[in-house]
Structure formats: C-alpha cells, structure tokens
Asker: 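This structure is in structure tokens; I'll ask about it shortly.
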Protein chains: 2
Amino acid sequence: MDIVFKALSDPTRREILRLLSQGEKTAGELASKFDMTKPSMSHHFAVLKDAELISSRREGQQIWYSLNTTVAQEAIAWVMDLVERSSGKRSKRK
Amino acid sequence: MDIVFKALSDPTRREILRLLSQGEKTAGELASKFDMTKPSMSHHFAVLKDAELISSRREGQQIWYSLNTTVAQEAIAWVMDLVERSSGKRSKRK
DNA sequence: TGTCTAATTAGCCACCCGTCTAACTATTGT
DNA sequence: ACAATAGTTAGACGGGTGGCTAATTAGACA
C-alpha cells in the first residue's frame with residue numbers, strides 16, 4: 001500500500017494515470033505529452049508498474065500501457081474505511 | 001494533492017490516522033503506541049497537519065489531535081474519478 | 001548484416017524523507 | 001522562581017527520489 005500512495009504522490013504520475021483512463025497508450029505517446037526526457041518518463045512508468053497501477057504489453061517496437069483499476073480501488077477502500085470508521089464511531093463493526 | 005498522497009504513503013502515518021478514526025487522542029497517547037521517539041512522531045504529526053488530514057488543539061500541557069475527513073474524502077474523490085472515467089469510456093461526461 | 005526507431009537501463013547528482021539526539025517552548029504545580 | 005511534564009524545533013545522517021545524459025536492448029526492415 002505504501003508504494004501505491006507513493007506512486008500517486010507525484011503529479012506527473014497522476015497525470016499519466018488520468019491519460020490512461022481514456023484508454024491504452026504507448027510509452028511514446030504518453031512521453032510526448034510531458035516536457036521531460038523519455039528516460040524520466042520510463043522511470044515513472046516503472047514506479048506505476050511496481051505499484052501495479054498500470055500494466056504493459058509489447059506490440060512490435062512499442063509498449064502499450066493501460067490502467068489497472070484494481071489497485072486504485074484498493075486505495076479508495078483504504079481511505080473510505082478510515083472515513084467510515086471515523087463517522088460511524090457509534091456501533092460500527094469492529 | 002501531492003502532500004496528501006505523500007502523507008498517506010507512510011505506514012506509521014496511516015496507522016496514526018487509523019487510531020484517530022476512533023476519536024481524538026493526545027500526542028503522547030499516540031506516540032506510546034509506536035516504537036519510535038517523540039520527535040519522530042512529532043514530525044509525522046506535522047506532515048499530517050500540513051496535508052490537513054488532522055487538526056490539533058492544545059489543552060493545558062497536552063495537544064489533542066483529531067482526524068479531518070474532508071481532505072481524505074477529496075483523495076477518495078480523485079481516485080474514484082480516475083476509476084470511473086476508465087470504466088465509463090463510453091458516454092461519460094466531458 | 002546493418003541501420004533506424006522505440007523504449008529501457010545505467011550511472012550520476014541535487015534534493016527530500018524518516019529517524020535520531022540535543023535543545024528549546026509551554027504549561028502546571030510547589 | 002524552580003522543577004517536572006508534554007510536546008516541538010534544530011541539526012545531523014543515511015537512504016531514497018526525480019531529473020538528466022549516455023549507453024543498451026528489442027524489434028522492423030532493407
């Protein structure tokens with residue numbers, strides 16, 4: 001969970017995720033939207049992959065990245081549980 | 001938003017938030033639950049306060065900390081929007 | 001086999017983060 | 001005023017992070 005929130009804490013990476021929410025994109029297409037070198041972008045992809053927030057597949061020379069919403073939903077669940085426990089201090093389960 | 005996710009990315013801080021979801025607690029009471037010096041704990045409180053995930057008030061010698069769910073809900077909203085855009089690529093607004 | 005293109009990996013650097021000890025501030029009580 | 005208690009602030013230190021350039025891998029194509 002650490003690495004998920006850490007991955008989300010960078011604005012570039014959040015923007016990458018937002019772009020991927022529109023659908024699969026290649027590394028190059030994503031990189032072209034930022035004022036940053038490809039290696040730097042590649043680093044961000046690696047961080048997002050490590051957190052399992054994105055998946056990748058190679059097709060010829062290009063690598064296609066796509067959003068993996070499962071982990072994102074786990075992050076939502078963690079924070080929501082916090083808020084619920086807080087608001088429901090009276091008679092919430094364990 | 002950066003500082004919110006960054007604040008959430010540390011396990012000690014997430015545990016502090018979980019404890020505070022049970023209700024207001026003093027700095028000392030919180031610190032006693034961790035194998036860490038008070039200054040280190042104080043640092044974590046500062047990070048959480050800076051992200052506005054917690055609030056504090058002094059009462060005599062003690063400082064009481066409490067959870068601020070507003071910002072937590074904003075974090076949920078951000079991630080939920082991501083997931084929704086992704087799943088609803090067909091005919092979602094904007 | 002070369003060579004071009006897409007992308008990552010390697011190595012470097014400045015800065016940030018989490019922790020500690022030591023020192024300080026604030027409040028209570030004698 | 002002094003001492004005790006609760007907590008923060010200051011400064012140092014090792015390890016991690018985000019950016020860069022240069023080198024490398026992987027695939028397409030002549």
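Each chain gets a letter, A, B and so on, in the order its sequence line appears, and its residues count up from 1.
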Asker: Whole angstrom is fine here: how far is it from CD1 in A:Ile3 over to P in D:dG18?
Answerer: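 It is 13 Å, rounded to the nearest whole Å.
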Asker: Would you mind reading off the distance between B:Asp10 atom CG and C:dC16 atom P, rounded to a whole angstrom?
Answerer: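 Between P of C:dC16 and CG of B:Asp10: 18 Å.
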Asker: Want to settle it: does A:Met41 or A:Gly60 sit nearer the 5' end of DNA chain D, counting the closest nucleotide to each?
Answerer: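 First, find each residue's nearest nucleotide; the 5'-ward one identifies A:Met41.
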Asker: Using whole Å, what does the distance between atom P of nucleotide C:dG18 and atom CZ of B:Phe45 come to?
Answerer: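 Atom-to-atom, B:Phe45 to C:dG18, this comes out as 14 Å.
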Asker: Any idea which of C:dC20, D:dA6, D:dT21 is nearest the B:Thr37 side chain?
Answerer: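 When the side chain of B:Thr37 is considered, C:dC20 is the closest of C:dC20, D:dA6, D:dT21.
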Asker: Figure out the CD1/P separation between A:Ile63 and D:dG27, and round it to whole Å.
Answerer: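 In whole Å, D:dG27 P lies 9 Å from A:Ile63 CD1.
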Asker: Measuring from the side chain of B:Pro39 (C-beta onward, heavy atoms only), which nucleotide among D:dA10, D:dC20, C:dG18 has the closest atom?
Answerer: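 Between D:dA10, D:dC20, C:dG18, the one nearest the side chain of B:Pro39 would be D:dA10.
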Asker: Answer yes or no: is there a side-chain heavy-atom contact under 4.5 Å between B:Ile16 and B:Phe34?
Answerer: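 They are in side-chain contact.
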Asker: Report the nucleotide, chosen from C:dG18, D:dG18, C:dC17, that has the shortest atom-to-atom distance to any side-chain atom of A:His44.
Answerer: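 Nearest listed nucleotide: D:dG18.
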Asker: Taking CZ from B:Arg57 and P from C:dA26, how many angstroms apart are they, rounded to a whole number?
Answerer: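 Value for this atom pair: 19 Å.
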Asker: For the pair made of CD in A:Gln62 and P in D:dA28, what is the distance, rounded to whole Å?
Answerer: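 It works out to 10 Å between those atoms.
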Asker: Need to verify one output field. Residue with the more 5' nearest nucleotide on DNA chain C, B:Lys6 or A:Gly28?
Answerer: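 Between the two, 5'-proximity favours A:Gly28.
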Asker: Start with the C-alpha distance between A:Ser55 and A:Lys49, add both sets of side-chain angles, then the distance that settles side-chain hydrogen bond (donor to acceptor under 3.5 Å, both in side chains), and finish with yes or no.
Answerer: CA-CA 6 Å; A:Ser55 311; A:Lys49 260 192 85 170; over 6 Å; no
Asker: Measure the distance from CG on A:Leu48 to P on D:dT17 and round it to the nearest whole Å.
Answerer: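 These atoms are roughly 13 Å apart.
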Asker: Looking at A:Glu15 and A:Arg13, is any side-chain nitrogen of the basic one under 4.0 Å from a carboxylate oxygen of the acidic one?
Answerer: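 No.
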Asker: Any N or O donor-acceptor pair under 3.5 Å from the base of C:dT28 to the side chain of B:Gln61?
Answerer: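 There is none.
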Asker: Would you kindly compare A:Arg13 and A:Arg58 by the position of their nearest DNA chain D nucleotide and give the one closer to the 5′ end?
Answerer: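 Whichever sits nearer the 5' end wins; that is A:Arg13.
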Asker: Assign A:Met36 to base, sugar-phosphate, or nothing according to its heavy-atom contacts below 4.0 angstrom with the strands shown.
Answerer: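 Answer is sugar-phosphate: A:Met36 comes under 4.0 Å of backbone atoms only.
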Asker: Whole angstroms only, please: what is the NZ-P distance between A:Lys38 and D:dT24?
Answerer: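 Those two atoms, NZ and P, are 19 Å apart.
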Asker: Can you confirm whether A:Arg14 sits close enough to B:Trp78 that some side-chain heavy atom of one is under 4.5 Å from a side-chain heavy atom of the other?
Answerer: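 Heavy-atom side-chain distance check passes, below 4.5 Å.
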Asker: Please determine if a side-chain N or O atom of B:Ser40 lies less than 4.0 Å away from the OP1 or OP2 oxygen of C:dG18.
Answerer: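 Indeed not, no polar side-chain atom of B:Ser40 lies that close.
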Asker: What are the two closest non-hydrogen atoms of B:Ser86 and A:Leu67, and how far apart are they?
Answerer: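 B:Ser86 and A:Leu67 have their closest heavy atoms at CB-CD2, 3.7 Å.
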Asker: What does A:Tyr65 touch in the nucleic acid at a heavy-atom separation under 4.0 angstrom: a base, only the sugar-phosphate, or nothing?
Answerer: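 The answer is sugar-phosphate, as A:Tyr65 gets under 4.0 Å only of primed atoms, P, OP1 or OP2.
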Asker: Of the listed nucleotides (D:dG7, C:dT8, C:dT19), which one gets closest to any side-chain atom of B:Thr26?
Answerer: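 Of the options given, the side chain of B:Thr26 lies nearest D:dG7.
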